[in-house]
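Structure first, commentary second.
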Protein chains: 2
Amino acid sequence: MSIEEKKRLQRNDRVTIRTVATHAGVSVAAVSKVMRNAYGVSEALRARVTNAIEVLGYRPSRAARGLRGRSFTIGVLLIDIRNPFLPEVIAGVNGVLAPSHYQAMIGVSDARVQLETSLIESMIDYKMDGLILVAPRLPSDIIAKFAAQIPIVAVGYHDAGATAFDTVNADDQRGAEIAVEALLACGYRDIEMLSLGEREGHQVSVVRQREIGFRRAIQRAGLGSSAPITKIPIAPPKREETMRKFLSRKNRPRAVFCWSDLDAITLLSLAIEMGVRVPEDLAVVGYDNSSTAALGLVNLASIDQSGRELGQVATRTLISRIEGRTGAEHIFQMPSLVSRNSLTRSGKAPVT
Amino acid sequence: MSIEEKKRLQRNDRVTIRTVATHAGVSVAAVSKVMRNAYGVSEALRARVTNAIEVLGYRPSRAARGLRGRSFTIGVLLIDIRNPFLPEVIAGVNGVLAPSHYQAMIGVSDARVQLETSLIESMIDYKMDGLILVAPRLPSDIIAKFAAQIPIVAVGYHDAGATAFDTVNADDQRGAEIAVEALLACGYRDIEMLSLGEREGHQVSVVRQREIGFRRAIQRAGLGSSAPITKIPIAPPKREETMRKFLSRKNRPRAVFCWSDLDAITLLSLAIEMGVRVPEDLAVVGYDNSSTAALGLVNLASIDQSGRELGQVATRTLISRIEGRTGAEHIFQMPSLVSRNSLTRSGKAPVT
DNA sequence: CGTTATATGGAGAACGTTCTACAACTCGTC
DNA sequence: GACGAGTTGTAGAACGTTCTCCATATAACG
């Protein structure tokens with residue numbers, strides 16, 4: 001290491017591609033070629049450069065890379081970080097990315113459209129290589145507009161007609177059907193759904209899809225054309241209130257399907273509190289098969305859609321798009337029922 | 001808009017600072033000045049530039065900004081995304097950042113030191129403006145080395161001697177003491193702690209701090225010099241096994257303090273399963289006051305350390321450091337007990 | 001009216017990469 | 001020994017900002 005170089009290191013200056021080039025006695029372009037393992041590099045050159053990189057501890061600047069070419073980063077946009085389903089998706093993404101040279105950076109939009117937009121824009125402005133949007137709230141045409149600037153895969157967004165971006169979903173319609181079918185198989189006829197009270201009821205959301213599946217299954221069973229759905233507000237004070245009202249209704253149904261474990265578990269808690277026995281008075285099936293649902297204390301039957309798998313598939317799909325695929329792909333995953341005590345006392349679903 | 005510009009927009013080319021400059025009929029430097037609202041801009045110029053920005057929908061490239069100056073992004077490093085305490089911290093961070101022009105990008109290290117290192121390096125390479133490390137695993141001197149390159153605030157990392165970076169913590173020693181004191185006040189003398197079985201038992205971790213507080217409180221109460229601590233492995237098969245073994249021990253204590261709600265809740269579940277009544281046979285106090293603990297179904301007494309507040313304080317501390325503060329700050333937050341049925345049947349802690 | 005201070009705008013060099021175009025060199029081959 | 005084909009390395013423009021000087025215009029002052 002020359003005196004010059006030592007000084008620089010003491011001053012804590014950045015080791016750049018130029019430092020490496022000087023140290024190895026080659027051109028900047030040569031170092032770049034080795035980094036990207038591009039064509040036209042002799043073994044001897046590669047060895048010298050690799051050595052210099054090692055010695056100097058060189059790391060390419062992502063900012064500079066982004067400015068010119070790839071940044072080797074993919075952005076993940078989460079609608080919410082509290083729903084325990086979403087960490088699973090992240091785990092799947094990270095799992096696939098770990099052995100590659102890509103890295104994930106996560107943004108949290110807190111379900112606010114404006115923040116979602118600005119996070120997506122930021123990720124584009126960072127010249128990230130691709131985006132995974134988990135349950136985005138933005139309308140399809142807006143996402144398509146973004147997709148013209150950066151490869152996008154949407155997870156939990158039902159828009160099989162999209163041509164500009166890919167989608168990866170669990171079949172939420174079918175999931176809801178499975179839940180209803182399980183309840184029917186247990187002999188319950190009187191079934192209601194507890195859904196999410198969203199301001200904008202866009203059809204692409206998983207919640208609406210589950211509603212569709214719920215209605216179809218109820219009608220298929222010949223249980224009248226009106227499939228009762230109660231909407232639960234998201235905000236804490238109204239939320240519990242609506243659930244209590246539901247539980248104390250004189251015409252309360254015998255069984256209930258909740259759009260998410262989050263709601264199902266709160267419902268279970270309130271039921272205990274109000275003396276409503278589960279499953280004797282009320283059978284409950286949730287959605288997501290979260291780790292809380294599996295607790296012996298909770299024992300909530302739930303529809304399992306492997307978030308981890310969704311994350312893995314989405315990541316692979318995104319990478320293939322980054323690497324050149326153009327036609328849109330729309331992938332479906334089959335959910336399944338995990339039966340537990342909230343469905344029947346024994347915890348087993350009757351075989352049909 | 002000139003014909004030239006229209007063409008560019010059709011080609012979907014990026015609107016750069018140069019586009020804005022041409023459109024407004026001013027220099028690139030002028031636009032930059034307006035963007036950074038720097039000194040030496042007349043009202044007339046500002047108006048024209050602002051208008052051009054509006055019309056063209058210009059957004060500065062974060063990649064280019066990072067290359068030269070600030071990127072207005074702060075990185076948040078999470079050790080784990082499954083522990084429900086951590087989303088709270090994020091919520092706090094986002095809350096403070098929302099009205100500012102900063103944005104948070106999150107990386108998840110999955111408790112792996114190597115991934116943690118490379119994520120921090122990436123964030124530095126992106127020229128982010130600052131980093132919030134939540135419960136990092138890296139030793140203090142390594143973090144200090146990174147802190148020479150980028151402002152850093154560590155949360156859940158007990159190193160009040162650090163001079164290169166700030167720390168924001170709940171007083172975990174005191175938290176554990178409070179838990180023990182509550183159990184003592186209920187008349188329990190026979191108290192054990194369920195702690196985390198970590199490979200590297202570094203003193204800075206919240207877990208070790210809680211162990212210290214536990215021991216001190218036990219000794220202060222004159223309950224022998226040996227304060228029993230059982231370590232629970234993290235991995236699923238061994239984890240439940242160790243808990244079951246604990247529950248079925250003939251000399252099982254009368255009360256237990258768990259380092260985290262995560263473990264306390266699993267313990268509660270297994271207790272039910274094995275016929276151990278809570279709190280009659282075993283009183284339990286957890287840590288974090290997670291939303292699950294608050295469920296009527298679970299009703300777990302827990303030490304509350306507001307993750308949200310920790311996130312808020314950390315963010316403010318980081319921003320002040322970004323804006324020039326140099327001396328290290330070490331902030332402590334006082335935790336408190338939230339009493340529930342797992343402590344006494346009534347749910348109320350006896351007044352002392 | 002000349003001189004100096006102040007306010008406003010612009011030129012152009014960085015920042016650290018990627019990547020195209022080209023130069024130089026080594027082999028065959030006729 | 002001239003020529004084409006391949007191989008290996010380099011020069012230098014470009015990416016989109018920031019920010020330090022500098023130039024010019026205007027105001028203030030004696």
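Chain letters run A, B, ... following the sequence lines, proteins first, then strands; residues in each count from 1.
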| query | Are any of Ser27(B)'s side-chain N or O atoms less than 4.0 Å away from OP1 or OP2 of dA11(C)? | reply | no

| Hey, does the side chain of Asp129(B) reach the backbone of Ser71(B) with a donor-acceptor pair shorter than 3.5 angstrom? | yes

| Taking for each residue the nucleotide of DNA chain D bearing the nearest heavy atom, is the 5' side occupied by Gly40(A) or by Val28(A)? | Gly40(A)

| query | Hey, does Arg18(B) reach any base, or is it just sugar-phosphate, or nothing, if we go heavy atoms under 4.0 Å? | reply | base

| remark: Rounded to whole Å, CG of Asn37(B) lies from C1' of dT8(C) at a distance of 16 Å

| said: Does Lys33(A) reach a base, just sugar-phosphate, or nothing at all? Heavy atoms under 4.0 Å. | reply: base

| field | OG1 on Thr317(A) to CD1 on Ile322(A), rounded to 0.5 Å | value | 11.0 Å

| message | Between Glu88(A) and Arg82(B) (salt bridge meaning N to carboxylate O under 4.0 Å), is one present in this structure? | response | yes

| note | chain A vs DNA chain D, heavy-atom contacts under 4.0 Å, first-to-last nucleotide span, 5' to 3', is dT7(D) to dG16(D)

| request: Could you state the atom-to-atom distance from CD of Glu43(B) to P of dG9(C) in whole Å? | output: 10 Å

| With sugar-phosphate meaning primed atoms plus P, OP1 and OP2, does Arg46(B) contact a base, only sugar-phosphate, or nothing at under 4.0 Å between heavy atoms? | nothing

| request: Answer with base, sugar-phosphate or nothing: what part of the nucleic acid does Arg62(A) contact at a heavy-atom distance below 4.0 Å? | output: nothing

| query | So what does Arg36(B) hit on the nucleic acid, given a heavy-atom distance under 4.0 Å: a base, only sugar-phosphate, or nothing? | reply | base

| said: If we count only N and O atoms by modelled type, under 3.5 Å, do the side chains of Ser320(B) and Arg325(B) hold a donor and an acceptor together? | reply: yes

| query | When we call it a touch if two heavy atoms are under 4.0 Å apart, what does Ala29(A) touch: a base, just sugar-phosphate, or nothing? | reply | base

| task | Could you tell me whether the side chain of His330(A) and the main chain of Ala162(A) form a donor-acceptor pair under 3.5 Å? | result | yes

| Roughly how far, to the nearest 0.5 Å, is CE of Met123(A) from CZ of Arg62(B)? | 10.5 Å

| query | If you pin Ser32(A) and Leu45(B) to their nearest nucleotides in DNA chain C, which one's is more 5'? | reply | Leu45(B)

| task | Go through the side-chain N and O atoms of Ser122(A) and Gln103(B) and say whether any donor and acceptor fall under 3.5 Å apart. | result | yes

